[in-house]
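Take a look at the following structure, please.
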Protein chains: 2
Amino acid sequence: MREIHDTELLQHYMETFEIKPILNDDLLPYLTLFSYDHGELICTQGDPYNHLYLLVKGKLKIFNTSPEGRTLILSFKTPLDVVGDIEYVQGTDFINTVEAVSEVHMIAIHHRWLKKFASDHTPLLKFLLNVITQKFYVKSSSLSFNLLYPVEVRFASYLLSVCFDEGDALYSGKLSTSHLIDAANLIGTSYRHLNRVIQHLSKEGLVERHKGFIEVKNREGLSELANHRNIYEK
Amino acid sequence: MREIHDTELLQHYMETFEIKPILNDDLLPYLTLFSYDHGELICTQGDPYNHLYLLVKGKLKIFNTSPEGRTLILSFKTPLDVVGDIEYVQGTDFINTVEAVSEVHMIAIHHRWLKKFASDHTPLLKFLLNVITQKFYVKSSSLSFNLLYPVEVRFASYLLSVCFDEGDALYSGKLSTSHLIDAANLIGTSYRHLNRVIQHLSKEGLVERHKGFIEVKNREGLSELANHRNIYEK
DNA sequence: AAAGTTTTAGGACATATGTCCTTCCCAACG
DNA sequence: CGTTGGGAAGGACATATGTCCTAAAACTTT
């Protein structure tokens with residue numbers, strides 16, 4: 001992690017994502033721009049809270065490790081998104097671990113300044129309400145989906161979300177094998193079982209296994225299997 | 001459902017739960033007190049939103065029915081709690097169905113007035129932020145817990161939460177059999193499987209099956225099995 | 001009290017998923 | 001060019017859970 005002293009870049013992000021309207025002017029001097037490399041941890045579960053982060057570049061992985069050591073990936077995030085909002089509101093330690101998947105830029109604001117200057121700033125409160133309710137929705141449908149459907153269905157939904165969203169024509173319809181472990185942890189199953197499910201989907205002709213990646217062969221069929229629900233979307 | 005025209009009772013609730021501070025004075029004339037009987041539905045998933053409700057008396061069951069018809073109970077609520085908050089913030093239809101488990105009193109405020117008089121009212125915004133982040137916490141740990149642990153562990157946690165919280169000495173440590181189906185739906189499993197698990201816990205001497213109810217025999221043992229996590233707490 | 005009806009527990013079997021371990025493939029390295 | 005190490009896929013087996021159905025119990029109605 002390193003701080004980026006680049007006022008112009010900060011300004012650029014503020015404009016792109018329309019951040020200024022939600023912040024109190026008094027806060028502006030206290031914004032810091034941080035950069036994280038691939039694999040770096042932004043915060044670890046159990047850390048005491050102290051910053052609110054705005055993700056403005058790159059991709060984050062949010063996950064949680066159980067006392068038994070099992071990892072559960074909760075989500076991937078792309079700009080604009082917020083980290084540490086719940087912790088800020090509740091004044092609690094971080095619940096999850098946040099890792100940079102690519103090079104990541106985040107605008108950080110120390111809670112101290114937020115409390116001092118913006119605890120009654122309506123636009124920020126409304127912004128937080130919005131972000132948090134959205135997170136609640138995702139979490140809520142995720143819970144139902146996980147409890148109600150088997151891994152096969154969840155993986156179908158996952159494949160559809162991950163393989164066709166990036167706009168990357170090359171990888172369209174393909175999932176790199178190296179991401180399979182992540183996928184398993186995100187879906188909440190074991191790597192072994194995911195493999196079994198892929199094997200089954202192969203037999204059905206929905207996907208095909210190649211060296212290094214898995215290719216979607218029948219998008220419509222997967223979508224039907226997933227009940228047309230894109231639970232892992234964004 | 002019927003409206004209660006009892007200004008004094010309304011006042012009484014407002015004081016007991018310190019509701020006035022979070023509301024804008026302009027709103028006060030628009031508060032309505034509703035009463036629901038056991039089994040009545042307050043709202044059904046898919047309903048268009050229109051009221052924000054404050055639960056001030058009785059017990060609510062929040063549940064969700066999947067397209068396939070499976071029911072998943074998300075929580076039980078007791079005063080003071082809020083219903084329709086997420087829907088109010090997002091302007092979306094109700095996600096879940098809300099049913100009165102006992103006789104229930106709720107203070108209702110139509111979204112129209114909230115928007116008109118309180119959309120910038122900081123105390124309300126803060127109150128909502130608080131309530132919603134708390135709901136997020138519950139949902140979040142619920143998700144992890146469900147994905148990471150088998151039914152036996154979840155049921156142990158459930159038993160501890162439900163059997164020892166009410167302060168009702170008579171039922172302390174006991175779970176009425178008639179609630180078993182609810183319990184299964186709350187835990188996210190089938191009634192059949194729950195029975196199997198109870199049988200197993202019996203063999204271990206942790207609980208005992210009697211006519212009409214299940215009795216906890218070894219609270220400490222259950223707590224250990226549940227990893228000391230009380231996921232269903234309130 | 002007898003007959004029917006609903007509620008509740010459990011049997012039988014199939015499917016879903018986890019754990020552990022082995023095999024195979026490929027790359028790095030001597 | 002063989003050796004070794006690591007990662008990825010899959011086999012074998014155990015456990016967890018779902019579905020459908022049956023048996024027993026309790027409760028209603030006549």
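Just so we're on the same page: letters track the sequence lines, and every chain starts at 1. It should be emphasised that the depicted structure is a prediction, and the values quoted were computed from it without experimental measurement.
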> Starting at NE2 of B:H200 and ending at P of D:dA16, how long is that distance when rounded to a whole Å?
Replying inline: 8 Å
> Starting at CG of B:N146 and ending at C1' of D:dT17, how long is that distance when rounded to a whole Å?
Replying inline: 14 Å
> Please give, in whole Å, the distance from C:dT8 C1' to B:H210 NE2?
Replying inline: 17 Å
> Whole Å only: how far is the NE2 atom of B:H179 from the C1' atom of C:dA9?
Replying inline: 18 Å
>> Tell me whether the rings of B:F34 and B:Y53 are parallel (<30°), tilted (30 to 60°) or perpendicular (>60°).
In response: tilted
> Could you state the interatomic distance from NE2 (B:H200) to CD1 (B:I198), rounded to the nearest 0.5 Å?
Replying inline: 13.0 Å
> What heavy-atom pair brings B:I86 and A:F136 nearest, and what distance separates the two atoms?
Replying inline: CD1-CD2, 3.3 Å
>> Any side-chain N or O of B:Y191 below 4.0 angstrom from OP1/OP2 of C:dA9?
In response: yes
> Can you tell me how far P of D:dA9 sits from NZ of A:K211, to the nearest Å?
Replying inline: 12 Å
>> Rounded to whole Å, please give me the gap between CZ in A:F213 and C1' in D:dA9.
In response: 17 Å
> Do A:Y13 and A:H105 have side-chain N/O donor and acceptor atoms under 3.5 Å apart?
Replying inline: yes
> Just by protein heavy atoms under 4.0 Å, how would nucleotides 18-23 of chain D read 5' to 3' in B, S and -?
Replying inline: BBB---
>> If you only use heavy atoms from C-beta on, which nucleotide in C:dT17, C:dG10, D:dT17 is closest to the side chain of B:R154?
In response: D:dT17
> Where each residue is assigned the nucleotide of DNA chain D containing its nearest heavy atom, which of A:N195 and B:E152 is assigned the position nearer the 5′ end?
Replying inline: A:N195
> Starting at CG of B:L201 and ending at C1' of D:dA16, how long is that distance when rounded to a whole Å?
Replying inline: 14 Å
> Could you state the interatomic distance from CD1 (B:I73) to CG (B:D182), rounded to the nearest 0.5 Å?
Replying inline: 4.0 Å
> Quick one: B:Q199 CD to C:dG11 C1', roughly how many Å, whole number?
Replying inline: 10 Å
>> Angle between ring planes, B:Y158 versus B:F155, binned at 30° and 60°: parallel, tilted or perpendicular?
In response: parallel
> Taking all atoms of both residues into account, what is the closest heavy-atom pair of B:T97 and B:L41, and its distance?
Replying inline: CG2-CD2, 4.0 Å
